[in-house]
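Everything numeric here is computed off the predicted structure, so don't read it as measured data. Naming: A, B, ... by sequence-line order, numbering from 1 per chain.
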Amino acid sequence: MTGIEDESRQNTRQKRKVTIAESVSYFTNEAAVTKTRGNIKLQLSLEVIEERAKEHGLSPNVILKLADVAGSARFSEAITIRLIKSLIPSKYIPEEAIIHVVSWMCTNKPSSTVKTWLIKWIITVYDYIGEKNKIHAVYPILFLFIDNEQMCPFVCHLLYLMTRKEDVKQYRVQKLLEIQNKVGTQPHIMGLLSLYKLYSPATITLSTAIGNRPFFHKIHPKWTQSVRDIVEKNRVNNDQITNDMDSLNGFPSEDATSVPAKRLKLDVIPKLQTTTSMNQQAINNKVSMEQMHTFKDLLQNVDRLQLPSQISSILKYPKLYHVVSCLPEQTTHQRLSYWLYEVLCEEIVDYSGIGNNPRAEKLLQYIINYCEFIQEGIPICEQFLTRYLFTWNGMDYRVYILQLITRFRLWPFQKMNDLLLEPIHKLFFSSSVYFKCQVISTYTQLLRNFVCVEWPRYESMHQHRGANIAETTMQLNETCLFNQDYEEFDPVDTISQFISLVDRLCAVGLLTENDNALLMHCTLAFYELVSKMCKFYGFPNTLIPSTGILLKALFGSDASALSRVCNIICNYRTEIKHRKTSDDKAAKFKPEVIQQLNHHILLFSDSLWRNQAFTPTPSVAPLLTFEHKKPAEIDLSNANDSFSLWKHPALASYADSFMFNKQVTDANTSTDRSSLKKEYLEYLKSQHLYGVHWFIKTFIKNV
Amino acid sequence: MAMDRSHMALSQVTPQVTSNLQQQTRSTPWLARRHTPYTKTPKSRRLTCKATRRIPRTARSRTVTSRVNELVGKTWRVYSVSPLHSFTSTRSHLRNYSRHLSAYLEAERHKGGIAVDVQSEFGEKASFNLMHGIALTEEDAEAIEITVRSRSQNGSKDGKIVFTGILCSVEYDGVNIDKENFVALPVFLVKGTAAVTRHVIAWLKIQFDCRINMMRFPPMELAWMVSMWSGLISDDENSDVAVVRFPSLELMYSVPEEVKGLKSITMTVKAGDAKLLWDSVHDQDSDDFTEEEMESFILGLEAHFFAHFKINLAAMTLCRITSSAAFIGAEGRVKILSEKHVHQVLRHFTKLVTESRPLK
């Protein structure tokens, strides 16, 4: 070969002149000299083709011609193989090229080695064959090559790519098993058989021990890569993306088998597989889920999908959730429920190790994903949780458990209190402030779930209650996936009681934690939701925070808390206005709530704006008075204005920097107090204390 | 280990213990909760089965004989099984299952991975059969027996049985399950080699989408069983001659690790003596055995042991019991000792499985 290379180097100048068309015509010319040694023209042509192929790929027409030449093996073996290697498509491979090649393979002309190379070539470019309708006809012919020992692995690989459901025949299975008996277990035969099993589960049984080995060797990674690169490059150049690659994420792709054995052991969720003992006819029209690779597949086959034999295996594949969630049968959900309960008990309750069980963590994460997808809690998980919470130490799986709690269903309050809230509260009062914050945040989300999802769901169930049974079950399926016992109770009452319970919890929590800032913000976040529930979700009952919480925020030293609490008060005002305009008779505030809210508003404006925090306004009963005897040494003469906008401990630094800036920018202009106050309010707004600004704008007339 | 056995006369000890216990239970503070998250150990349990002998369902079954006696005298491992999905016990289906399980076992036997044609003949042969006589009520599905024979050797037609498993349910009263799609056979008795057992269970899990777990009996459950079943000697047999036939009551306690040189303590009581104690704690007219009765019985035995050896058995872990009905190990091993008690034992297991499941 070195001799040839030397020659070629000498002829570089000549080579430039040889066009690709001339090179191709040299090969296609039947009369051309086929000897290798000393044949400069042959060398030149081949090099031109190779170079062209490596840079741009060959056009379909050229491929068709050269594939024919390669198949005929008129030239020496080395030349033919070089030719095959350079059959890199620029865009796609014409179908005829493959058919011609297979036809040539049926003759005696190409040697076994060349035939093997041709098969390798087909595998490499398989994804780029333009149309694949006709080539499927050569499937039975290709199957015959399986007897050739040299070709067998590659033929199996190619067949693996080509097999369709109708190709799975008993005699082919027999043939493969025969070869297996002769040469022992081979990965490529197992690979093809595993595919056959996929299409026809009732015919073959495979050992599970084959799970983590690749069936087929990668064929010349460099070659495959260069084919891919060139096709991709041309595609981008032509700016036409014909085949939108659907994200494989969330689908059971073939790569699943490449998960290391170690990680498989960690996984409690079974492998996705479909086995059946049904007879062949019953499942002929069915398609198993393992065959779904893109969303398009799923849409096309959605009516004839066959569920996997272990339903829980879908938990791993988010895209398959779509299928399961639109199935009307309760059986599927029941299967999942049975499985989940057993596994949760096994992995969490009966786990003998110390700390978190990694398998359980994974499982819980899958359950959370599934719940988030279906926007609904799984009843069986709730039952498990209520059982587990009773002995929960507040540490294990905390994130997951709190996350699962946010998806709880509505229950009568007594039941919810006994089963869910009480065990958590025991931990709440004995745990750190961070746990308290987590619990309050969880409750905020749970409340959102109640008013946004569960309450409407209950109402629609309640409405359909009167309808006949068949209709009811149908309607139920529309509102929730999992069948549940219908219990007669007042959901509004449950939610109201829940809110007032959380209110008390927050108040006590703030007391024990010395007004921890984080806990305060969690509490305020909860009330931000409560104060908007009528407007956003049409919830008919509104509860206002207990005075303790409001005062802690008002007189605290945290400016952002002050701003948020002002915001909340304003929210309540919008709620009341919204209610007055809405026709819904049920949605009316109770007079005492309005009265209480008015008190709060007065108190807030008294202390922030009117400098009389502790002077009772004559028209209303005072909320704050110094009933207790104050110690003599404390001077309270300035108490009234010490919580005004200017002097409020939370806002002191803002007031200071405002005044400082003011003196710097316009030292000479003397402005009156009221316009200065307005300016200061704008300044607070610019410092993101929107609540304060909004409150004053809303409730004080002259601003 | 030297202090193994002590036979005793019990009648003097018991009354005193009972009264003590009643005071204790009265003072137990109960939470004022209306709902409890877990299924509490019931206050009382039935001693005997409600139905005596099941009425044959089909005309054919007149010819079948009860095979209950096949369960007696063998040591089984007990597994709990969640409801089986799409399981049908018609003859053709059972034959189909047999073939598939055989193929599966054949494939698993080869470690390197092998494919097996379902239609061919196998060395290891599994078969599914109905086992009549175990199910009692209409709620119960007929029991299923699964046997696996090893490949035949020396030209004999059938190989050795390497695995026997019995899926059964006795007086199933769990939650209503969807009978069209699910079959409840919550108890799985297994006797076989470890590898085959593993494979059979794996196959069942895949085929019927169920979970199968080994059942374990905590000391409390063992205490329940030993005290319930100690009295199950019918009175006419309670003569001195008959009592000899019954195995003695035996309780094995494992000793905490801190105690050096002693692993376990076994207390053996003559069946007749146990029966005397049992009669004194149990209300003769009732078919139920209450929690108080159970505690009195166990405390009675432990107090007697303390009186003799100054060893407080309550501080040990009860790990194995033998009564006239059955031998039960905490790790899930069971040997039913007489044909009469097969249903009682299996009924209790069925109950234990359904109690732990709040499934709807």
Distance-minimising heavy-atom pair for B:Asp209 and A:Ile311: OD2-N, 2.9 Å
Nearest heavy atoms of B:Ile206 and A:Ser309, plus distance in Å: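 Taking every non-hydrogen atom into account, O-CB, 3.3 Å.
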Non-hydrogen side-chain atoms of A:Arg335 and B:Phe182 separated by less than 4.5 Å: yes
Nearest-0.5 Å distance that lies between atom [atom1] in [X] and atom [atom2] in [Y]:
X	Y	atom1	atom2	value
A:Glu342	B:Ser80	CD	OG	5.5 Å
A:Trp339	B:Lys205	CH2	NZ	10.0 Å
A:Tyr341	B:Arg211	OH	CZ	14.5 Å
A:Gln334	B:Ser82	CD	OG	11.5 Å

Interchain contact, A:Gln310 with chain B, by part (heavy-atom threshold 4.5 Å): both
Within 6.0 angstrom of B:Arg333 CZ, more than 12 heavy atoms from elsewhere: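 It does not: B:Arg333 CZ has 12 such atoms or fewer within range.
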Set of ring pair (Phe, Tyr, Trp, His ring centres under 6.0 Å) partners for B:Phe163, sequence neighbours left out: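 Ring pair (Phe, Tyr, Trp, His ring centres under 6.0 Å) list for B:Phe163, sorted by chain: empty.
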A:Trp411: partners by ring pair (Phe, Tyr, Trp, His ring centres under 6.0 Å), with sequence neighbours left out: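 A:Trp411 satisfies ring pair (Phe, Tyr, Trp, His ring centres under 6.0 Å) with A:Phe408 once adjacent residues are dropped.
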